[in-house]
Amino acid sequence: MNSVMRRAFFPIYNNTFKSSYRLFADKSINDKIDTIVKNNKVVVFMKGVPDAPRCGFSNAVVQIMRMHAVPYESCDVLADENIRQGIKEYSNWPTIPQVFINGEFVGGCDIMLQMHQSGELVEELKKVGIKSALLTAEEAKKENSK
Amino acid sequence: MTCLDNQHETKQYTYLSRLLLVLLFILHMYNWYYSLGSSFYSRTMCTASGVIANSIRQKLQTALQTKHLEVLNESYMHNVPKGAETHFKVVVVSEQFEGLALLKRHRLVNDILKEELQNGVHALSIVAKTPEQWDSSDKVVESSPNCRGGFGK
């Protein structure tokens with residue numbers, strides 16, 4: 001019985017406070033996000049900071065960025081509730097983390113992981129003039145074997 | 001007379017208490033049996049039984065005519081009450097993904113599950129493949145990253 005009640009009420013109880021923030025996520029937040037996204041080649045909206053991510057999905061993205069040695073701007077959505085809601089509307093994407101490359105929304109954790117595995121990420125970074133550390137390592141390996 | 005009456009009362013009392021004990025015992029056994037049953041049920045059905053999980057399954061099935069569909073409740077990996085339906089992973093295989101970029105596939109799934117995402121579903125991990133891609137893959141879905149305790153605040 002208990003678990004049934006919990007199942008039934010948890011979503012409601014969980015969502016009580018969220019809707020009130022919608023009203024404040026106005027144009028100024030949108031502009032603020034826009035300037036962050038447009039002024040940096042790579043931006044990651046995440047929970048926590050790169051040195052201490054507070055969500056497993058955000059951490060996964062940070063680790064991928066570290067592997068490729070990408071210089072990026074990060075934005076902690078837990079520090080600002082307006083940005084946390086605003087970013088979801090800005091990109092029309094419901095979850096955090098969110099990655100922007102060259103002002104364009106690229107995806108969340110799943111997409112970053114797949115792009116990393118397929119090698120697409122290296123290409124995408126090349127387009128904006130960032131050379132992935134994995135590519136550099138590969139080239140060095142080839143040089144050595146020659 | 002009074003003595004007889006008393007006896008009668010005590011007799012009735014013992015009879016009632018005995019009945020009560022038996023009833024209690026039955027209730028106890030019932031509870032025990034039920035608890036066994038329910039834990040067995042929850043252990044085997046945890047990926048399929050939830051209310052939200054079912055609605056996710058149904059929506060994806062009807063909207064995308066899925067060839068293969070898995071709805072995994074990963075909430076137990078996170079800092080939420082037992083039995084919660086907050087963190088999900090879906091494996092969707094559909095012909096409708098043909099020719100769509102990854103981002104568009106994910107947007108499609110997010111859009112279909114918009115209501116759920118606004119009402120309690122906190123995380124949704126998506127694997128979206130076409131039947132061809134699914135058949136040529138190893139069909140093993142990697143588990144999601146460990147929680148880092150950022151739920152809520």
Side-chain angles (χ1 to χ4, degrees), chain A residues 1-19 22 46-49 52-64 76-79 81 84-85 88 91-99 104-115 117-118 120-121, chain B residues 34 38-39 41-42 46 49-53 73-75 77-91 101-107 109-111 113-129 133 141-153:
Chain A
M1 198 59 200
N2 208 7
S3 68
V4 173
M5 295 276 274
R6 238 189 260 137
R7 244 176 235 175
F9 291 117
F10 186 68
I12 304 170
Y13 138 85
N14 189 26
N15 226 23
T16 334
F17 305 104
K18 275 186 184 165
S19 54
R22 282 277 156 80
M46 59 179 285
K47 289 184 178 176
V49 290
R54 292 186 59 196
C55 161
F57 300 99
S58 293
N59 181 50
V61 169
V62 167
Q63 295 309 323
I64 291 171
D76 182 5
V77 299
L78 294 180
E81 190 62 35
R84 187 176 180 175
Q85 289 310 315
K88 293 178 186 174
S91 56
N92 189 25
W93 190 262
T95 51
I96 310 289
Q98 299 190 7
V99 180
E104 242 178 78
F105 178 62
V106 178
C109 175
D110 291 330
I111 291 182
M112 287 306 286
L113 249 167
Q114 286 202 27
M115 282 174 72
Q117 285 163 352
S118 69
E120 227 177 300
L121 186 61
Chain B
Y34 179 74
S38 70
S39 69
Y41 181 75
S42 61
C46 64
S49 65
V51 181
I52 298 171
N73 186 351
E74 294 187 324
S75 307
M77 291 162 67
H78 300 270
N79 187 19
V80 291
K82 215 177 152 193
E85 297 189 273
T86 50
H87 296 67
F88 283 98
K89 169 175 247 160
V90 293
V91 181
L102 207 52
L103 187 65
K104 282 196 174 157
R105 292 179 190 184
H106 282 230
R107 276 202 196 282
V109 173
N110 281 333
D111 217 42
L113 303 178
K114 209 174 188 177
E115 245 173 73
E116 280 74 12
L117 282 161
Q118 278 169 1
N119 295 296
V121 173
H122 171 78
L124 180 68
S125 186
I126 302 170
V127 177
K129 288 186 170 163
Q133 286 173 329
V141 180
E142 283 167 54
S143 70
S144 293
N146 285 330
C147 181
R148 292 236 162 183
F151 181 69
K153 287 287 137 182

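Note on naming: letters A, B, ... go to the chains in the order of the sequence lines (proteins, then strands), and numbering restarts at 1 for each one.
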CD (A:Glu104) with more than 12 external heavy atoms under 6.0 Å: no
Note, A:Glu120 side chain near B:Leu102 side chain (heavy atom, < 4.5 Å): no
From A:Gln114 atom CD to B:His106 atom NE2, the distance as rounded to the nearest 0.5 Å: 5.5 Å
Within 6.0 Å of CD in B:Gln133, more than 12 heavy atoms from elsewhere: yes
Straight-line distance of B:Ile126 CD1 to A:Cys109 SG, nearest 0.5 Å: 11.5 Å
Side chain / backbone / both / neither for B:Arg105 at chain A, heavy atoms under 4.5 Å: neither
B:Glu74: salt bridge (charged side-chain N to carboxylate O under 4.0 Å, His left out) partners, not counting sequence neighbours: none
With sequence neighbours excluded, residues passing side-chain contact (heavy atoms from CB on, under 4.5 Å) with A:Ile64: A:His68, A:Met112, A:Leu113, A:His116, A:Leu121
Nearest-0.5 Å distance that lies between atom OG1 in A:Thr95 and atom CG in B:Leu124: 7.0 Å
Heavy-atom contact with chain B under 4.5 Å, split by part of A:Ser91: backbone
Euclidean distance, A:Asn92 CG relative to B:Asn110 CG, rounded to 0.5 Å: 8.5 Å
Test item: A:Ile111 and B:Leu103 side chains (from C-beta on) under 4.5 Å apart, heavy atoms: yes
Selection from A:Pro53, A:Gly107, A:Ser58, A:Ala60 maximising heavy-atom pairs under 4.5 Å formed with chain B: A:Pro53
